[in-house]
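First comes the structure, then the notes that go with it.
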Amino acid sequence: MVAFVKSIRNHISLVLALTSILFSVQLYILVERSISAYNVKLKNNYSMIVMSKKDITQEEFLPINKLIAKATPIDANEVATRLSGGIKSINLDLLKLSLPKFYKVTLSHYPTPAEIKSLKDTLLKHPYITKVEDFSYSHDIVYKLLMLFKTVAALFAGVILLVTMLLIFKELRIWQYQHNERMSIMSLFGAPLWLRSAVLFRLAIVDAIISSVIIVSIFTYLAQDKWVLNELNGVGINIVIFDFINDSIFLGTLAVGISMLLAVLIIIAHKEEV
């Protein structure tokens, strides 16, 4: 009875360690998906305003820099109306004629501050372009916050991974002590290595399956939870929280891989002690 309780306790310890690793990995995947979706949202909402002395076609804009995805002319009537402030219609027509050409330039992806500066410098070298408004101050703040969030998420996942690997190392030592005598006796009777190690691999696979089922269940629930969905919709992000087929296969493979590595290390340690 005591041995059974110890076995269950050791199983629980390894299952919890594997579950923690899988949870941190899947959480980081979720953060990466959120950041990628938010990057797309930022890219769609971010644009530069370019002022030109003469008309520039989109075909002329695109070769300027590979970051440029589209250049849309801004209606002169709209600009003049904003600047008119009660000017008479005849003067408003003259204002339209004297105004430079304005373009809204959208980009292929959400740029870094360095890419914005390089693009602005390149645009200003064009003979017709006189001014570029890149909204760099607000962009830099958003970009730095985005990178900070990504760094914190990576550090969080790294810390959890480190702690759980230490727990698994502890379980490695416990398993080694528990099965060392049994494997030595089987070796004396001429049992092949695969037979002596079969119980370790079986236990490793069982614990990996249990851990995978726990994590799949948790994230399947979270993917349907109204509070989680409302929070993501609140910031305008629409992502796949949990891809049942692909994520389940990935997590299961990862759990089995870690568990099998644990079993192999035990076997190696046993061979060194024999």
Side-chain angles (χ1 to χ4, degrees), residues 14-47 66-70 105-113 115-116 135 138-165 167-168 204-262:
L14 184 58
V15 167
L16 288 176
L18 285 172
T19 302
S20 299
I21 289 179
L22 297 182
F23 183 84
S24 63
V25 169
Q26 186 60 33
L27 187 62
Y28 184 74
I29 291 173
L30 179 58
V31 169
E32 279 290 315
R33 288 174 181 168
S34 300
I35 291 175
S36 297
Y38 195 60
N39 262 323
V40 173
K41 178 180 174 64
L42 289 173
K43 183 207 74 172
N44 293 335
N45 292 334
Y46 178 79
S47 60
K66 61 181 180 180
L67 195 59
I68 299 175
K70 186 178 180 182
V105 176
T106 54
L107 310 180
S108 58
H109 64 266
Y110 193 62
T112 65
E115 286 177 324
I116 287 182
F135 309 102
S138 57
H139 166 273
D140 288 356
I141 293 175
V142 173
Y143 185 84
K144 288 175 182 177
L145 287 174
L146 193 66
M147 291 300 101
L148 176 62
F149 180 65
K150 188 173 183 178
T151 301
V152 170
L155 288 175
F156 174 75
V159 169
I160 292 180
L161 184 63
L162 177 61
V163 171
T164 49
M165 288 302 291
L167 288 174
I168 288 181
I205 292 173
V206 169
D207 288 350
I209 292 174
I210 293 173
S211 302
S212 301
V213 170
I214 291 173
I215 292 300
V216 168
S217 301
I218 290 174
F219 278 93
T220 299
Y221 170 78
L222 291 177
Q224 301 172 354
D225 185 69
K226 291 183 178 180
W227 181 84
V228 175
L229 295 175
N230 289 335
E231 287 297 312
L232 291 175
N233 290 332
V235 293
I237 294 178
N238 184 20
I239 62 170
V240 176
I241 297 176
F242 186 74
D243 186 334
F244 186 81
I245 296 178
N246 294 327
D247 289 353
S248 296
I249 293 174
F250 172 73
L251 293 173
T253 303
L254 180 63
V256 171
I258 294 174
S259 297
M260 296 297 281
L261 176 63
L262 172 63

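Computed from heavy atoms alone, side chains included, the values below leave out hydrogens, waters and symmetry copies.
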Within-4.5 Å side-chain heavy-atom neighbours: Met260 and Ile205: yes
Just checking Leu155: does its CG atom have more than 12 heavy atoms from other residues, nucleotides or ligands closer to it than 6.0 angstrom? yes
Hey, could you give me the CG/CG distance between Asn230 and Asp225, rounded to the nearest 0.5 Å? 8.5 Å
Could you state the interatomic distance from OG (Ser34) to CD1 (Ile241), rounded to the nearest 0.5 Å? 8.0 Å
Spacing of Leu27 atom CG and Ile218 atom CD1 [to the nearest 0.5 Å]: 11.0 Å
Parallel, tilted or perpendicular: which fits the ring planes of Phe219 and Phe23, with parallel below 30° and perpendicular above 60°? tilted
Candidates Ile215, Ile29, Leu251, Leu30 - the one meeting side-chain contact (heavy atoms from CB on, under 4.5 Å) with Phe242: Leu251
To the closest 0.5 Å, what do you measure between CG (Leu107) and NZ (Lys70)? 13.0 Å
Sole residue of Ile21, Leu22, Leu16 in side-chain contact (heavy atoms from CB on, under 4.5 Å) with Ser211: Leu22
Between Leu18 and Ser259, is there a side-chain heavy-atom distance shorter than 4.5 Å? yes
Kindly indicate, with the supporting measurements, whether the criterion side chain to side chain contact (heavy atoms under 4.5 Å, CB included) is fulfilled by Leu67 and His109. CA-CA 7 Å; Leu67 195 59; His109 64 266; 3.1 Å; yes
Taking the side chain as C-beta and beyond, is there a heavy-atom pair between Thr106 and Ser47 under 4.5 Å? yes
Residues Asp247 and Arg33 bridged, charged N to O under 4.0 Å: yes
What distance do Leu254 atom CG and Ile258 atom CD1 have between them, rounded to the nearest 0.5 Å? 4.0 Å
Looking at OG of Ser212 and CD of Gln26, how far apart are the two atoms once the value is rounded to the nearest 0.5 Å? 11.0 Å
Below 4.5 Å, heavy atoms only, C-beta onward: do Val216 and Phe244 meet side chain to side chain? yes
Please identify each residue that fulfils side-chain hydrogen bond (donor to acceptor under 3.5 Å, both in side chains) with Glu32, with sequence neighbours left out. Tyr28
